Protein chains: 2
Amino acid sequence: MARQPTVSDVALAAGVSRQTVSNVLNAPDIVRTATRERVERAISDLGYRPHASARRLRTRRSSTIGIRLYPFAGGISGAVLDRYVHALTENAAERGMRILLYTARTPDEEIEQFRRLTDGADVDAFVLTSTFHGDARTGWLLEHDVPFATFGRPWGDDDLGDPQHLWVDVDGAAGTAAATKHAIAAGRRAIGFLGWPSPSGTGDDRARGWARALRSHGRSPDGLRWAVEDDLTAARAAMAGVLTGGGPGPVPDAVVCASDSLAVGAHLAAMDAGVHDLLVIGFDNTPVSEALGLSSVEQRPEDVAVGTLDLLMGAHGTAVDPSVPRTGTGHVLVEPRLIVRE
Amino acid sequence: MARQPTVSDVALAAGVSRQTVSNVLNAPDIVRTATRERVERAISDLGYRPHASARRLRTRRSSTIGIRLYPFAGGISGAVLDRYVHALTENAAERGMRILLYTARTPDEEIEQFRRLTDGADVDAFVLTSTFHGDARTGWLLEHDVPFATFGRPWGDDDLGDPQHLWVDVDGAAGTAAATKHAIAAGRRAIGFLGWPSPSGTGDDRARGWARALRSHGRSPDGLRWAVEDDLTAARAAMAGVLTGGGPGPVPDAVVCASDSLAVGAHLAAMDAGVHDLLVIGFDNTPVSEALGLSSVEQRPEDVAVGTLDLLMGAHGTAVDPSVPRTGTGHVLVEPRLIVRE
DNA sequence: TTGTAAGCGTTATCAA
DNA sequence: TTGATAACGCTTACAA
């Protein structure tokens, strides 16, 4: 790694002052065209690149966003978060920002990471990829004036409309409603919902969309809702009982699921039971549902990523600047899309 | 975010010079105990933390490792890379390093990222998570004296023993050999291998382990090897033919697979065909194989991550320092572990 | 429009 | 063992 050229080298080569070089880089408008072109040629001749750390020291900005990497969840659904982080990294780079990872085992550990990364001026903002009822992390960030946005709306005491809390989320109810309508259109009579135990912000939201769609078609959701942890095996076992008619309720001919893990479990249970015409619709559109040919609700994590950056940096902003007054509502709700496969 | 205290603040509070504070942080041995304790108290009283960018500017070291995030592969096996990145982040933090993400669509784009990140002194080293025959990226990094390590040994013209090219890999052959021996011990007679088309460094290695284990037990692998792309559906289709005896070879009673995607495909094919005693062994130990109760070879990505950092930073090193002469062979081969589930 | 001077917070060098 | 001084490369005043 040979020594990199600096602004001084460029200035020398272009016959201007260091400051002019800096202006060409940061405020091209205020420098005369001829001068600018000379400087630009010198820059490309020398292969000059600004030294990121020096710039950060001076501007007191890191141009970096921190995001927590979760230990591999053990679910199929990790794929959504993967795609989100990837899209975030890609779009952030286009806006001159970078993504720094950190890990934590508990919320307290995560707050310690907040402290470490903000005190060291390592990051300008954080992105949290899940929030829960009574989350201490958002409180800490608000209290310390650290910019952040969450993928996932604040459930619980936080005010959904609080303009301080920026959030992006997927309209889960709209997704399950679309899935349910698809099943209705396909002529299904008993459309169930396989979800997670309440209370679960995300899970209850998805159940709501299913129930609403049924009611709006004059049907009752009663007796058609089952809940298990987000686990293929648990779903398979639960649906085994339901499909063989062992349960109290009706036997479904379609099941809208809160996740692909559950959907795959339901699909396998149907195979186990020799039921071949059960319509199973998943959520997350993971490779597994694709491989099995199951329809699934696509979360569009790429759109969520763009929305996150729009909130943090402004629609066309190129830096996280808390002093710029926020426009808009402070949140983005992404409409999911049903991927139909059968 | 209130203004952070600086070394000067600490120095003032402790009644020493700035430099002494710096010494307490970076060379505690050379400062008298009494002084050191005074400074340390001041540090914790003020809640001082070094400013990362300033330190980086001065030391010309970023304490950061760059890693490419792949677009979600579409395979089940992404889980291994996920766990690896997570473990890398966690272990790097313990050694005072950070992990920065970048994306690229092509090798050329990735080289452009190398350039961008090294010129800006954003990273000290890179970790590449896959290498292929004739990889231009390692050449660029070597040429520009940028430290790097790869997860995956260099296949092809690179010298495996080149001490310049640090690599960590999983002994795939050992993994499939263990799987094969397990099948033999379980009394299976016709143990097949479902892998990927040649040439594939990783895939051929895994096939080798299976064939070797068979031969060492006096059996022949002939006619029991099938190859498809790493795709559940393709595997399912291929095995459907094999299991119904439609192929030329013998019908297997066990299948060692090059990945969990293939294993799940084989498992589903067996279910489709009504074959319930096919022993399927996967590779990668993903949640799906766990959920389906399939045995699988565990890659131990956490150990790979530790090995990567050991190579880059030395066994107990706390920084990437290319000037420190390397000890050891310059590579680590991790022994995988068979997780038995049936 | 361009140049000069100062300083961001840290550590390396060297003298005390 | 400690302290003064001088960078590291950049940008933000402000002056020319």
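Chain naming here is simple, since letters A, B, ... match the order of the sequence lines and numbering starts at 1 in each. Hydrogens, waters and symmetry mates are skipped; everything else that's a heavy atom, side chains included, is used. Here the structure is a predicted model, which is why all the values come from computation and not from measurement.
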Classify the nucleic acid contact of B:Val7 as base, sugar-phosphate or nothing, counting any heavy atom under 4.0 Å across all strands shown. base
A:His331 vs A:Trp167 aromatic rings, parallel, tilted or perpendicular, using cut-offs 30° and 60°? parallel
Qualifying residues under ring pair (Phe, Tyr, Trp, His ring centres under 6.0 Å), relative to [X], sequence neighbours excluded:
| X | answer |
| --- | --- |
| B:Tyr48 | none |
| A:Phe151 | A:Tyr84 |
| B:Phe148 | B:His165 |

Determine all donor-acceptor pairs shorter than 3.5 Å in which one atom belongs to a side chain in residues 28-45 of chain B; sequence neighbours excluded.
from: B:Arg38; atom 1: NH1; to: B:Ala14; atom 2: O; distance (Å): 2.6
from: B:Ser44; atom 1: OG; to: B:Arg41; atom 2: O; distance (Å): 3.3

I'd like to check the salt bridge (Lys or Arg N to Asp or Glu O under 4.0 Å) partners of [X]; sequence neighbours left out, ordered by chain and number.
| X | value |
| --- | --- |
| B:Arg55 | none |
| A:Glu110 | A:Arg68, A:Arg137 |
| A:Arg95 | A:Asp310 |
| B:Asp122 | A:Arg56, A:Arg98 |

[X] [atom1] to [N] [atom2], straight-line distance once rounded to whole Å:
| X | N | atom1 | atom2 | value |
| --- | --- | --- | --- | --- |
| B:Arg60 | C:dT11 | CZ | C1' | 13 Å |
| B:Ile30 | C:dT11 | CD1 | P | 12 Å |
| A:Asp122 | C:dG9 | CG | P | 15 Å |

Close residues, residues 34-58 of chain B, relative to DNA chain D [heavy-atom separation under 4.0 Å]: B:Thr35, B:Leu57, B:Arg58
Near DNA chain D, which residues from residues 11-29 of chain B have a heavy atom under 4.0 Å away? B:Val16, B:Ser17, B:Arg18, B:Gln19, B:Thr20
Under the side-chain hydrogen bond (donor to acceptor under 3.5 Å, both in side chains) rule, what pairs show up with a residue in residues 13-25 of chain A, not counting sequence neighbours? A:Ser17-A:Thr20, A:Gln19-A:Asn23, A:Ser22-A:Asn26
End axis versus end axis in the helix from C:dT1-D:dA16 to C:dA16-D:dT1, the angle rounded to 10°, five pairs used at each terminus: 40°
